[in-house]
Visitor: 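To start, I am sharing the structure in question, which I have written as structure tokens.
As the structure lists them, so they are numbered: ligands from 1, and atoms in each ligand from 1.
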Amino acid sequence: MNLTESLLLALKANGAHQIFGIPGDFALPFFKIIEESQILPLYTLSHEPGVGFAADAAARMIGGLGVAAVTYGAGALNMVNPVAAAYAEKSPLVVLSGGPGKNESKAGLLLHHQAKTLDSQFQIFREITCDQVRLDDAGRAPSDIARVLANCRRYSRPVYIELPRDMVAEPCQPVPAMPAAVVDPDALAACVDEIRARLQRASRPALMVGVEVRRFGLEARVAELARRLDLPVVTSFMGRGLLADADVPLLGTYMGVAGLPEVTELVETSDGLFLLGVIVCDTNFGVSASKIDLRKTIQALDEQVTIGYHIYPQIPLTALVDCLLESVPGANSSRSAMSSRNFPRHMPADQASLTPTDIAAAVNDLMAVHGKLPIASGIGDCLFTAMDIEHTALVAPGYYATMGFGVPAGLGLQAATGQRPLILVGDGAFQMTGWELGNCQRYGWDPIVLLFNNASWEMLRTFQPESRFNDLGHWGFAEMAAGLGGDGKRVGSRGELKAALDKAVATRGRFQLIELTIPRGVLSATLERFVAGVKKLNAAR
Ligand SMILES: Cc1ncc(Cc2csc(CCOP(=O)(O)OP(=O)(O)O)c2C)c(N)n1
Ligand SMILES: [Mg+2]
């Protein structure tokens, strides 16, 4: 076995299901082995940001490892933003980069793709990954790979593996399995006892679930825990889509002043708020109507549990959830299983112009007839609109908030799950990575793409309306679809939207792009509340 095959088998054993990538001369030998070994399927895309976003979304959807393979320099450094997004949002992404061979620098020439030094790339990725290795010693490679992949899964953060091109075919031993991290049973028991006591003392306990619940594959167990603890459940903004199909009293997504009043009231007045796998960041808590005293919460994140002023270290979320379940006998929840939330539905198919709320209603109507679709969303008002769509699986960069994620993430979702996704994307973001749709034909992907065309960087305009640079002009996105191998349709009324959605859902094998013409300044209800809330909070500071 050679080093690359050993690495690929280890990736597969650790939960990787495919590789997304773009080769280059520093990676050609490596890609050759990927393609010929057939250990993992390879999907090449058109631009490295798309490779990173697709691999990230694949990991988020299946709870395994996402793998992004690139060439040295121009390729890998083109992917810094998606890897940073994966780091910020705790996605287990493995970056595989080709690299110069050990004797290449001896010629005394600077190498093409070299930035500052030959080690610069390694140092850059050190800042946005939880572990890194350069595989320049075949004897050490198995243990190095084992360590790096174990850390990727343990911390649910990206890792960086550099493959010098003169090493990829070197004979190499198989990668050993790493022993699971040891958890102190007494510390775990004490932590669980204190959490239980806090929740039992609380008059208004509540459970907020966040991204780590998905990253560690705990949704079913957390749903069971919520039932046994008889707790109302909300998701964080980043956690939207969690427990979508679970039998729990899911009240909605917490968004402070921008969210549902009953959810905001429950969270902000709770005297026993249990944050399970929730990233404590501004998009999750920055728009709180009344400041949540996080010191009075129970926070379980990043392998530690914080209760009041003390911390239990080395408590992995999986161990905590399992021990909590053992401590609570069978389910006794008297709460209604699903939220009472009235999502917008029954969109009139008339000549009225489109609003984001109409779009959400049309999608809810579609799902009521044809079943739920998993959603990949970019940022912008399309993501705020998603808050009005029925609970369904959702991947979106809700915290790191980079544009460009939506379309490639939808492709990664379909590659990883085989499910047809609904992609929500703004016109500005589509200009960045929307062209990846041209790769659907090669792989048989057929997402339904809702392109919110307000001819604007509207999110920016809501905060700075006087700036003309937010005007993007009208691009003929619908007309471009055919050239990319799909079908495109521009719609400007609710009746046209209904007809276009019905046709899209009935057409398989080709992506369906529906360009939604949205009048300038027409925002989703959630974005309206968000902007008003942020302005009010800023005025009060
Ligand atoms: C990679 C990157 N570069 C710039 C920015 C900054 C930004 C945040 S929101 C936004 C406008 C988005 O326009 P779009 O048409 O997609 O959506 P909408 O607002 O609903 O009209 C920009 C430029 C971010 N977040 N990421
Ligand atoms: Mg726009």
Side-chain angles (χ1 to χ4, degrees), residues 47-54 56-57 77-89 128 237-238 258 281-283 286-287 353-360 363 375-389 396-410 423-437 449-478 480 490-492 513-531 534:
H47 193 205
E48 284 85 1
V51 168
F53 289 137
D56 176 351
L77 298 182
N78 218 8
M79 203 167 65
V80 167
N81 182 48
V83 177
Y87 187 91
E89 303 207 353
I128 50 177
F237 181 51
M238 283 182 65
C281 61
D282 58 355
T283 50
V287 283
S353 63
L354 289 175
T355 70
T357 303
D358 292 327
I359 297 165
V363 170
I375 294 177
S377 180
I379 66 149
D381 204 14
C382 62
L383 182 53
F384 287 101
T385 303
M387 299 300 113
D388 281 331
I389 293 175
Y399 160 44
Y400 184 75
T402 179
M403 290 161 72
F405 180 89
V407 168
I423 294 173
L424 308 180
V425 60
D427 56 313
F430 190 91
Q431 292 175 12
M432 293 185 176
T433 58
W435 317 110
E436 294 290 354
L437 288 174
V449 183
L450 297 187
L451 197 162
F452 289 54
N453 191 358
N454 47 25
S456 165
W457 286 330
E458 197 59 21
M459 275 287 290
L460 303 186
R461 185 195 309 280
T462 58
F463 289 103
Q464 195 166 299
E466 67 276 19
S467 296
R468 292 191 311 281
F469 54 63
N470 289 316
D471 298 344
L472 297 185
H474 270 282
W475 291 34
F477 298 106
M480 298 173 194
R490 179 175 301 110
V491 300
L513 187 145
I514 302 175
E515 180 189 335
L516 306 158
T517 303
I518 301 171
R520 169 68 46 83
V522 174
L523 307 180
S524 67
T526 304
L527 181 54
E528 294 264 19
R529 290 194 299 266
F530 179 79
V531 173
V534 170

Visitor: Side chain, backbone, both or neither: which part of L472 has a heavy atom under 4.0 Å from ligand 1?
Guide: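 For L472, no heavy atom sits under 4.0 Å from ligand 1.
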Visitor: Which heavy atom of P397 sits nearest a heavy atom of S377, and at what distance?
Guide: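 Heavy atoms only, the tightest pair is CD-O, 3.4 Å.
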Visitor: Taking the side chain as every heavy atom from C-beta outward, state whether N470 and F463 have any pair of such atoms under 4.5 Å apart.
Guide: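 No, every pair of side-chain atoms sits at 4.5 Å or beyond.
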Visitor: Testing D381, I359, D427 for side-chain contact (heavy atoms from CB on, under 4.5 Å) with I518, which one passes?
Guide: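 Of the listed residues D381, I359, D427, the side-chain contact (heavy atoms from CB on, under 4.5 Å) partner of I518 is I359.
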Visitor: Hey, which atoms in ligand 1 end up nearer than 4.0 Å to a heavy atom of D427?
Guide: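 This gives 15 (O) as the contact atoms.
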Visitor: Which pair of heavy atoms, one from E48 and one from M79, lies closest together, and at what distance?
Guide: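 That closest heavy-atom pairing would be O-CG, 3.5 Å.
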Visitor: Going by distance only, is there an N or O of E458 that falls short of 3.5 Å from an N or O of ligand 1?
Guide: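 Looking only at distances, the answer is yes, because the N/O contact criterion of under 3.5 Å is met.
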Visitor: Only heavy atoms of I379, strictly under 4.0 Å: list the atoms of ligand 1 that pass.
Guide: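 Selected atoms, number and element: 8 (C), 9 (S), 25 (N).
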Visitor: Specify the protein heavy atom at minimum distance from atom 19 (O) of ligand 1: its residue, its atom name, and the distance to 0.1 Å.
Guide: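 Atom 19 (O) of ligand 1 sits closest to the protein heavy atom M459 N, 2.8 Å.
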Visitor: Under 3.5 Å between any N/O of F452 and any N/O of ligand 1: does that happen in this structure?
Guide: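 No, F452 has no N/O under 3.5 Å of an N/O on ligand 1.
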Visitor: Would you mind checking which non-hydrogen protein atom is closest to atom 25 (N) of ligand 1, with the distance to 0.1 Å?
Guide: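 Of the protein heavy atoms, A401 O, 2.9 Å lies nearest.
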Visitor: Can you tell me which residue and heavy atom of the protein come closest to atom 13 (O) of ligand 1, and the distance to 0.1 Å?
Guide: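 Residue, atom and distance for the closest contact: W457 CD1, 3.4 Å.
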Visitor: Do the side chains of M403 and T433 get nearer than 4.5 Å, heavy atoms only?
Guide: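 Not in contact.
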Visitor: Name the closest protein heavy atom to atom 16 (O) of ligand 1, giving the residue it belongs to and the distance to 0.1 Å.
Guide: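 The closest one turns out to be A429 N, 2.9 Å.
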Visitor: Show the atoms of ligand 1 that are less than 4.0 angstrom away from any heavy atom in G428.
Guide: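 It comes down to these atoms of ligand 1: 14 (P), 15 (O), 16 (O).
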Visitor: For the residue pair D471 and R520, establish whether any side-chain heavy-atom pair is separated by less than 4.5 Å.
Guide: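 Yes, at least one pair of side-chain atoms sits under 4.5 Å.
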Visitor: So, 2.8 Å as the limit: is an N/O/S atom of D427 located closer than that to the Mg ion (ligand 2)?
Guide: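 Yes, D427 qualifies, because one of its backbone or side-chain N, O or S atoms lies under 2.8 Å.
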Visitor: Closer than 4.0 Å to some heavy atom of N454 - which atoms of ligand 1 meet that?
Guide: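 By the 4.0 Å cutoff, the relevant atoms are 18 (P), 20 (O), 21 (O).
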Visitor: Pull out every atom of ligand 1 sitting under 4.0 Å from any heavy atom of T402, numbered as shown with elements.
Guide: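 Near T402, meaning under 4.0 Å from one of its heavy atoms, ligand 1 has 1 (C), 26 (N).
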Visitor: What's the shortest distance from atom 20 (O) of ligand 1 to any protein heavy atom, and which residue and atom give it?
Guide: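 It is D381 N, 2.8 Å.
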Visitor: Can you name the closest pair of heavy atoms from E458 and N454 and give their distance?
Guide: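 So the minimum-distance heavy-atom pair works out to CB-ND2, 3.3 Å.
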Visitor: Quick check: does N454 put an N/O/S atom under 2.8 Å from the Mg ion (ligand 2)?
Guide: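 Yes.
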Visitor: Which atom pair, heavy atoms only, marks the closest approach of Y399 to T283?
Guide: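 Minimum heavy-atom contact is CA-OG1, 3.4 Å.
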Visitor: Purely on distance, is any nitrogen or oxygen of M403 under 3.5 Å from one on ligand 1?
Guide: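 Yes, since at least one N or O of M403 sits under 3.5 Å from an N or O of ligand 1.
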Visitor: Measure across V425 and V449 and return the closest heavy-atom pair with its distance rounded to 0.1 Å.
Guide: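 Looking at all heavy atoms of both residues, the closest pair is CG1-CG1, 3.9 Å.
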Visitor: Measuring only between side-chain heavy atoms, which start at C-beta, is Q431 closer than 4.5 Å to F477?
Guide: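 Q431 reaches F477 side chain to side chain.
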Visitor: Just so I know, are the side chains of L516 and V491 near enough to count as touching, which here means a heavy-atom distance under 4.5 Å?
Guide: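 Yes, at least one pair of side-chain atoms sits under 4.5 Å.
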Visitor: Any N/O/S atom, side chain or main chain, of N453 closer to the Mg ion (ligand 2) than 2.8 Å?
Guide: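 No N, O or S atom of N453 is closer than 2.8 Å to the Mg ion (ligand 2), so no.
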Visitor: Please confirm whether M432 comes within less than 3.5 Å of ligand 1 when only nitrogen or oxygen atoms on both sides are compared.
Guide: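 Min N/O separation from ligand 1 is not below 3.5 Å for M432.
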Visitor: Check whether any heavy atom of S456 sits under 4.0 Å from an atom of ligand 1.
Guide: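 True for this residue.
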Visitor: Grab the two heavy atoms, one from W475 and one from N453, that are nearest each other, plus how far apart they are.
Guide: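 What the structure gives for the nearest pair is O-ND2, 3.9 Å.
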